[in-house]
Amino acid sequence: MKHPWWKERVFYQIYPRSFQDSNGDGIGDIPGLISRLDYLQWLGIGAVWLCPVYDSPNDDMGYDIRDYRKIMSEFGTMEDFDRLLEEMHRRDIKLVMDLVVNHSSDENAWFVESRKSKDNPYRDYYIWRDGRGGKEPNNWSSFFTPSAWSYDAATEQWYLHLFGEKQPDLNWENPKLREEIYKMMNWWLDKGIAGFRVDAIMNIKKPLPFQDYPADREDGLCNVGGILGSQEGLRDFLNEMHEKTTKPHHAFSVGEVFGLDDSDISRFIGDDAYFTSIFDFRQNVAGQTMLGWYDWKAPTPDEYKECCFTSQKVSEGVGFFSNIIENHDEPRGVSHYLPEYAQNEKGKKLLGMMYFMLKGLPFIYQGQELGMENCAFPSIEAIDDVSSRDEYQRCLKVGLNEKEALKVVSHYSRDNGRTPFQWNDEKNGGFTTGTPWLMVNPQYKEINAASQIGREGSIYEFYKSMIALRRDDRYEDTIVYGVTEPVLEDQKDIMAYFRRGEKQDILVIGNFRDEAAEVEIPELKGKTCQVLLNNGGTCMAVDGRVKLEALQGVVFEVK
Ligand code: ISL
Ligand code: CA
């Protein structure tokens, strides 16, 4: 298929718990989301990735599923869900659901059975091992707790959980379990959803035997994330899942894939690959180490651009990455990638333009189109997220004081992306009439949708015009399908690239400096440069020289 729907649409990620509450209980819900679909339609959104709405005890906010075929009661009912799907389709918006099948909740009926006895028919749906002299079976660390193993007294064995204690890992080696998962996926696809965002999928294949690995942190534990993803047997599972679910349904899928070797991309994206697309996390993981958040650094604008360009290069001719600056697990992109002097409207639009015009599928995370920022959490108690609590303890363990630990966690906390959506400057930013489940970012008075919709020059209107440009038939061939060709790569804090199509060339150029810049692009000599998008200020492109103000970003059509 040369022009499938998913290449030409803009995606929007919704964290339903924090989008819109309809009944005053402080929790966003499906009726609330339905009441905001017009907002997405005005913006020009063509598909939504909806974070988990399945029945869950919410230890990891829905990423711990108790019942895969039931809607979380706080969010509504299956009737509400069906209405949501219908209302989205009426607005020509596709629905992509979250698929969490590396693990389930410990309250899932499968696990409730599994833990009962060693010969229970569901025992092998999960991963059980004997301990070593009263201790964990091996030194694997979990992403959310120190050890990846928890002891269960009923059968005197340990179960594996790469995430939280209440998120036991499913045993993909068991063909019966795999069939159950495929049946469940097909059940949702038959309902008419467009496909799945596939959670933590590189973790489903565990390396056997379950041995110790060299420690990568001070407590002797080892993060096996990377080791898991390179397991050859993982490919068989991914292929089988595709063959039995997404392929026969011609469904869309986007994998949450970390640590993939660039030489392997063609097996993951492209025609008949395991997934339609995978997220490009190269810039998100830049600056991260195994030690934990206290040791992480944000990339500079030049490191950011290098990551983007590498990803463009390795995916060209292979398939489409999904491009993001943030999601529900990340700090707000504008607070993470922009130097402090650039954390203003102009800088936010600049960053938005730089990633949005790259080749790939643009995903916008809720509130990104308003320039929502990280939240100044007043204390660790104000943070709810399970991984933030773990990282806070790690900070204290290595000797940071409480104030320093809070500073680290406030920057990286997943709750930065989860504070309620800022609809207006009224109580709780218009999110709820009750008490919000997580604090509203105090910035809602200044940063909110109502004040930006229709205001010329607002971040929201800027995103709207970027989306309109991408959807404009005259440019689609170049913006969606054109090759990316970086220029001025060695110019510090300048990010510039051509998109070359059959009908025209487009130049995307941005100045991340806090002063004006003038650069030379010989190819522009004798050509006219027509401005398609500009984040503000005057710009000149004359005789091969381009002048940009501080933090200016411009998209030119070059003729
Ligand atoms: O694997 C990682 C690093 O190699 C982690 O970053 C991990 O993949 C990531 O945290 C997975 O996130 C997803 O699954 C989690 C859930 O808490 C997140 O919200 C979700 O996006 C467990 O389901
Ligand atoms: Ca509610």
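Computed over heavy atoms, backbone and side chain alike; hydrogens, waters and symmetry mates excluded. Counting convention: from 1, in listed order, for ligands and their atoms alike. Given the structure is predicted, the values throughout are model-derived calculations rather than measurements.
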Any [X] heavy atom less than 4.0 Å from ligand 1:
{"X": "Arg418", "value": "yes"}
{"X": "Arg414", "value": "yes"}
{"X": "Gln288", "value": "no"}

Under 4.0 Å between a Lys/Arg side-chain N and an Asp/Glu carboxylate O for [X] and [Y]?
{"X": "Arg178", "Y": "Glu173", "result": "no"}
{"X": "Asp262", "Y": "Lys313", "result": "no"}
{"X": "Arg267", "Y": "Glu232", "result": "yes"}
{"X": "Glu391", "Y": "Arg394", "result": "yes"}

Under-3.0 Å protein N/O/S neighbours of the Ca ion (ligand 2), ordered by chain then residue number: Asp21 OD1, Asn23 OD1, Asp25 OD1, Ile27 O, Asp29 OD2
Nearest atoms (heavy-atom pairs only) where Ile269 meets Thr276: CG2-O, 3.8 Å
Working for salt bridge (Lys or Arg N to Asp or Glu O under 4.0 Å), residues Arg332 and Glu373: CA-CA 5 Å; Arg332 287 289 180 174; Glu373 298 178 15; over 6 Å; no
Between [X] and ligand 1, which residue portion shows a heavy-atom distance shorter than 4.0 Å: side chain, backbone, both, or neither?
{"X": "Met202", "result": "neither"}
{"X": "Arg197", "result": "side chain"}
{"X": "His328", "result": "side chain"}

Results of side-chain hydrogen bond (donor to acceptor under 3.5 Å, both in side chains) for Ser410 - residues two or more places apart only: none
Test applied, side-chain hydrogen bond (donor to acceptor under 3.5 Å, both in side chains); reference residue, Gln167; option that passes from Asp60, Asn108, Asp64, Asp59: Asp60
For atom 14 (O) of ligand 1, the option (of Asp385, Asp199, Val198) bearing the nearest heavy atom: Asp199
Geometric class of the Tyr15/Trp437 ring pair [parallel <30°, tilted 30-60°, perpendicular >60°]: tilted
Atoms in ligand 1 flagged as close to His103, the criterion being non-hydrogen separation under 4.0 Å: 22 (C), 23 (O)
pair Asp199-His103: side-chain heavy atoms closer than 4.5 Å: yes
